[in-house]
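Whatever order the structure lists ligands and atoms in, that order sets their numbers, starting from 1.
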Amino acid sequence: MNAQIPEPAILEVNNLKTYFFLERVTVRAVNGVSFALPRKSTLGLVGESGCGKSITAMSIMRLYQEPPGKIVDGQIFLRTGEGQAVDIATLDPKGQEMRHIRGGEIAMVFQEPMTSLNPLYTVGRQIAESVEIHQKLGRKEAMGRALEMLDKVQISAPRQRLNEFPHQLSGGMRQRVMIALALSCNPAILIADEPTTALDVTVQAQILDLMRQLQADFDSSILLITHNLGVVSQLADHVAVMYLGKIVEYAEVRELFHHALHPYTMGLLNSVPVFGKKSGQVLVPIKGMVPPATTQVTGCAFAPRCPYVMPICLEQEPPLREIAPGHTAACHLY
Ligand code: SF4
């Protein structure tokens, strides 16, 4: 028999709970999230702002402020190299192992590059420094690698950019520099948090094209965090939809776009223009807002906004169940 054993996912998040203990309230920002990121694939983590997707990313990087934040439950298994799993949730956020993982194994691209690029150093120096630390290269070789990376992200006049400071670059160029910086140490995983949101539409399309191409070149796995379903439709292989700190639906990207099951996902799809949808799509916003993550919920968290709400929804929390092969949803309708 020639049965293929599926390769274990490079990142596996199990029942992750990240809470923030404030003076009077507890913010349950991430409240029992599980997903797997297969190797060389892209998982889109989608939801409105305040649903917990960025804190999920910050938990994986151990970059949230601790205290008041704390991972109170769950595991974050990272499997690189020989397949040995490390549980990131148990590591010291300031320790050497976590510092090695951050940047070397998992790199992050943020929405606003100016928050992560140092305005006082040239672009070349910033990339080279990261390469020196993580790859143990000398100054000259590291600078060579910085030039190579700027070339790879197709920035114009890369040699000149090496000596420029972030403020001398346009928004699109800065995002290219961030991607070059993130990929310079050949990380196994790239977490991209709203990588195109701050850019205008033409530049967004260029950055998405670039990310698609670089993923193929670098064989990386990408966790793409966004509220923009158009971005997801163009980059992701699978999609996890988050609502109030939990995943409410998970499916392969085409399946999700054509057969969304959860009323929240349907609402998201109906409220934004989605690439590939036929013209004449009528946009209907989801009523209400995501409640604060301090809300104590009984039953389904989406009930106050759901057009299909039933009595059971107000009493019992719907579990995440497989409704079709590879397609899970947390909803009493199924
Ligand atoms: Fe709507 Fe009920 Fe499904 Fe929640 S469980 S999404 S309230 S139908």
With heavy atoms and a 4.0 Å threshold, my read on which part of Cys331 contacts ligand 1 is both

Pair Gln215-Thr42, side-chain donor/acceptor within less than 3.5 Å: yes

Counting from 1 in the order shown, the ligand 1 atoms closer than 4.0 Å to a non-hydrogen atom of Cys313 are 2 (Fe), 5 (S), 7 (S), 8 (S)

One finds that the ligand 1 atoms under 4.0 Å from a non-hydrogen atom of Leu333 are 8 (S)

Worksheet item: Hey, are Glu255 and His327 close enough side-chain-wise for a donor-acceptor pair under 3.5 Å?
Response: yes

**Study point:** Distance-only polar pair, side chains of Asp193 and Ser54, donor-acceptor under 3.5 Å
**Key:** yes

For His262, the ligand 1 atoms with a heavy-atom partner under 4.0 Å come out as 6 (S)

Of all protein heavy atoms, the one nearest atom 5 (S) of ligand 1 is His332 N, 3.2 Å

Self-check item: Under 3.5 Å side-chain donor-acceptor pair for Thr197 and Gln111
Solution: no

Answer yes or no: is there a donor N or O on one side and an acceptor on the other, between the side chain of Arg102 and the main chain of Met61, under 3.5 Å?
yes

Ranked by distance from atom 1 (Fe) of ligand 1, the top protein heavy atom is Cys306 SG, 2.3 Å

Review point. Between Glu317 and Lys246, does at least one N-O distance fall below 4.0 Å, as a salt bridge requires?
Key: yes

If you scan protein heavy atoms around atom 4 (Fe) of ligand 1, the nearest is Cys300 SG, 2.4 Å

